[in-house]
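Values reported hereafter were calculated over all heavy atoms of this structure, with side chains retained and with hydrogens, waters and symmetry mates removed.
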Amino acid sequence: MADQFDLVVVGGGPGGYVAAIRASQLKMKVALVERENLGGICLNWGCIPTKALLRASEINHLLHTLDAYGFAADNIRFDFQKVVKRSRAVANQLSSGVKGLMKKNKVTVYDGTAKLAGPGKLSVTKDGKPVAELAAKNIILATGARARVLPGMEPDGKLIWSYREALVPDAMPKSLIVIGSGAIGSEFASFYLNMGAQVTLIEVMDRILPVEDAEISAFVQKSFAKQKMNVLTSAKIGKVTKNGDSVTVSVEAGGKVQEITADRLISAVGIVGNVEDLGLEGTKVKVERTHIVIDEMGRTGEPGLYAIGDVAGPPWLAHKASHEAIICVESIAGLDPHPMEALNIPGCTYCRPQVASVGLTEAKAKEAGHEVRVGRFPFIGNGKAIALGEPEGLVKTVFDAKTGELLGAHMVGPEVTEMIQGYTIARTLETTEAELMHTVFPHPTVSETMHEAVLDAFGRVIHI
């Protein structure tokens with residue numbers, strides 16, 4: 001006899017567990033199926049543990065620049081295994097927190113792998129053994145995604161790493177090759193560089209962080225080079241050779257072919273959706289490029305079957321998955337939620353310097369036919385940034401010249417990932433330059449750069 005629910009969620013990541021909580025708030029009887037750890041990749045192997053590692057690398061960098069603040073310290077060193085252990089402890093704490101939230105919200109959690117077993121039905125197994133049969137009028141697939149694997153660069157747990165191996169290495173490598181300069185690749189490259197490794201970052205596109213505004217990408221690349229990171233763009237990757245305790249990559253870049261050898265290699269070349277073994281065969285669900293096709297409310301082509309988060313396509317961000325979960329569940333409950341506006345989803349990269357953005361880049365705005373006004377303000381013109389000893393940064397705003405609409409905002413510098421929400425709120429409220437210019441920003445704060453970048457777009461900048 002199947003266990004009956006109003007909603008069953010498959011996957012306990014930031015999309016799945018948020019969907020379960022919101023459904024419970026709306027008085028639904030909810031079950032959630034998770035095959036590994038509650039919190040999904042984000043809490044266990046992604047967003048959270050990487051930020052714990054990056055915090056350690058920031059501290060290491062600060063300890064080696066104490067003289068600028070009038071301090072001195074001798075024999076600076078770190079215990080790499082303690083750094084990794086702290087990262088895992090942070091992840092475990094948050095995963096346990098999600099378990100508590102499930103209990104608090106009366107969500108029934110099944111430990112196992114779920115597979116569709118007919119309309120409104122799921123079978124749950126663990127290690128090939130049956131766990132439960134579930135039935136529900138509504139099913140949400142929130143199965144996430146995994147690292148894309150390229151031939152010749154399959155992670156082996158020793159020389160070639162995916163993000164998982166990079167989070168829990170046995171020892172600190174002296175040298176490292178990172179292939180792929182998106183958020184994941186740039187964050188790992190920055191972490192290991194600031195912990196003392198020699199790092200080569202390789203990107204097949206013509207610039208690193210290719211989804212960001214070109215001006216911001218150029219700023220980060222220049223900063224990485226200043227930090228002694230070897231960055232290769234427009235690169236063609238050839239043979240990858242394992243050499244016992246090192247790995248060699250043949251790379252063509254800048255008109256020449258070179259072989260680069262390092263202790264380890266991280267492959268960060270994108271992700272693919274977890275659409276296999278879900279029982280989608282025989283349903284009306286469409287899968288394109290490893291992702292489930294959905295409408296603005298998360299509905300698939302199969303009645304009663306929904307998908308959210310990474311398995312449903314880009315942007316592959318935890319906060320997108322969580323918000324998508326709310327929209328999907330509220331739609332199921334008969335409410336009238338606003339559809340997701342993709343351009344209002346902020347993106348953050350936590351390398352040094354940090355990068356954050358929302359909306360259109362300058363190039364995309366022009367491609368869309370907008371006549372634009374662009375404002376810029378450097379951190380070197382901000383008193384708080386100078387006082388902090390963090391004057392490296394830039395804020396860039398893109399406005400529609402005719403309407404004053406904020407089309408996009410792009411930031412690079414310390415803690416810009418905390419500041420981007422101001423521009424995100426502005427876009428959500430459809431704020432124009434008039435409201436932004438009349439907003440009073442506190443002094444002294446780094447956020448004043450955001451105000452000045454707006455003023456600059458309209459010829460009213462004060463401090464440069």
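Heavy atoms of other residues, nucleotides or ligands lying less than 6.0 angstrom from CG of Asp170 number 12 at most. In this structure, Gln93 places its CD atom where only 12 or fewer heavy-atom neighbours from other residues, nucleotides or ligands lie under 6.0 Å away. Within 6.0 Å of NZ on Lys121 lie no more than 12 heavy atoms contributed by other residues, nucleotides or ligands.
Taking every heavy atom of both residues into account, Gly39 and Asn44 meet most closely at C-ND2, 3.7 Å. Scanning all heavy atoms of the two residues, the minimum distance from Ala166 to Pro169 falls at O-CD, 3.5 Å. Closest heavy-atom contact between Leu317 and Pro346: CD1-O, 3.6 Å. Listed here is the closest heavy atom pair of Leu360 and Ala365: CD1-CA, 3.9 Å. When all heavy atoms of Cys348 and Ala356 are compared, the closest pair comes out as SG-CB, 4.2 Å. Here the closest heavy-atom approach between residue Ala147 and residue Val272 is recorded as O-CG2, 4.4 Å.
Under 4.0 Å is where a charged nitrogen must lie from a carboxylate oxygen, and between Glu259 and Lys239 no such pair does. Glu36 and Arg146 are not joined by a salt bridge, as no carboxylate oxygen comes within less than 4.0 angstrom of a charged side-chain nitrogen. Checked for salt-bridge contact, Glu362 and Lys366 meet the test: a charged N lies under 4.0 Å from a carboxylate O. Using a 4.0 Å cut-off between charged nitrogen and carboxylate oxygen, Arg22 and Glu330 count as a salt-bridge pair. Salt bridge annotation for Arg427-Glu341: absent, with no cationic side-chain nitrogen under 4.0 angstrom from a carboxylate oxygen.
In this structure, CG on Asp310 lies 8.5 Å from CH2 on Trp316, to the nearest 0.5 angstrom. Distance check: Leu201 CG to Ile208 CD1 gives 6.0 Å after rounding to the nearest 0.5 Å.
Side-chain atoms of Leu26 and Leu335, non-hydrogen and from C-beta on, do get closer than 4.5 Å to each other. Within the 4.5 Å cutoff, the side chain of Arg207 has no heavy atoms near those of the Val220 side chain. Residues Ile260 and Leu232 meet the side-chain proximity criterion, which asks for heavy atoms closer than 4.5 Å. Under the 4.5 Å side-chain criterion, counting only non-hydrogen atoms from C-beta, Phe224 is not in contact with Ser181. No side-chain heavy atom of Met153 sits less than 4.5 Å from a side-chain heavy atom of Val149. In this structure the side chain of Tyr163 never reaches within 4.5 angstrom of the side chain of Ile266, judged on heavy atoms. Side chains of Leu134 and Asp3 form a contact here, defined as non-hydrogen atoms less than 4.5 Å apart. Considering only heavy atoms from C-beta on, Met297 comes within 4.5 Å of Pro337 through its side chain.
In terms of modelled atom types and a separation under 3.5 Å, the side chain of Thr428 and the main chain of Thr424 share a donor-acceptor contact. Remark: side-chain polar atoms of Thr431 are paired, donor with acceptor, to backbone N or O of Ala426 under 3.5 angstrom. Here the side chain of Lys29 pairs a donor or acceptor atom with the backbone of Gln4 at under 3.5 angstrom. For Thr397 (side chain) and Ala453 (main-chain N/O), a donor-acceptor pair under 3.5 Å exists by modelled atom type. Between the Trp45 side chain and the Cys42 main chain, no donor and acceptor come within less than 3.5 Å of each other.
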(request) Take Val18 and Ile308 through the test side chain to side chain contact (heavy atoms under 4.5 Å, CB included) and record every step on the way to the result. (result) CA-CA 11 Å; Val18 169; Ile308 60 173; over 6 Å; no
(message) Between Thr349 and Gln354, does the side chain to side chain contact (heavy atoms under 4.5 Å, CB included) criterion hold? Intermediate values first, please.
(response) CA-CA 6 Å; Thr349 304; Gln354 291 183 9; over 6 Å; no
(request) Go through Arg376 and Glu215 one step at a time and tell me if the salt bridge (Lys or Arg N to Asp or Glu O under 4.0 Å) criterion holds. (result) CA-CA 11 Å; Arg376 299 173 182 84; Glu215 200 170 337; 2.7 Å; yes
(request) Please assess Phe191 against Thr50 for the test side chain to side chain contact (heavy atoms under 4.5 Å, CB included), listing each intermediate value before the final yes or no. (result) CA-CA 9 Å; Phe191 165 71; Thr50 54; over 6 Å; no
(request) Could you check Tyr423 against Val395 for side chain to side chain contact (heavy atoms under 4.5 Å, CB included), going step by step and ending with a plain yes or no? (result) CA-CA 11 Å; Tyr423 286 133; Val395 178; 3.5 Å; yes
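Using modelled atom types, one finds a donor on one side chain and an acceptor on the other under 3.5 Å when comparing Thr432 with Glu435. Ser162 and Glu165 form a side-chain donor-acceptor contact under 3.5 Å, judged by distance and modelled atom types alone. Side-chain contact annotation: Glu302 with Thr283, donor-acceptor N/O pair under 3.5 Å absent.
Asp111 pairs in a salt bridge (charged side-chain N to carboxylate O under 4.0 Å, His left out) with only one of the listed residues (Lys129, Lys99, Lys126), which is Lys126.
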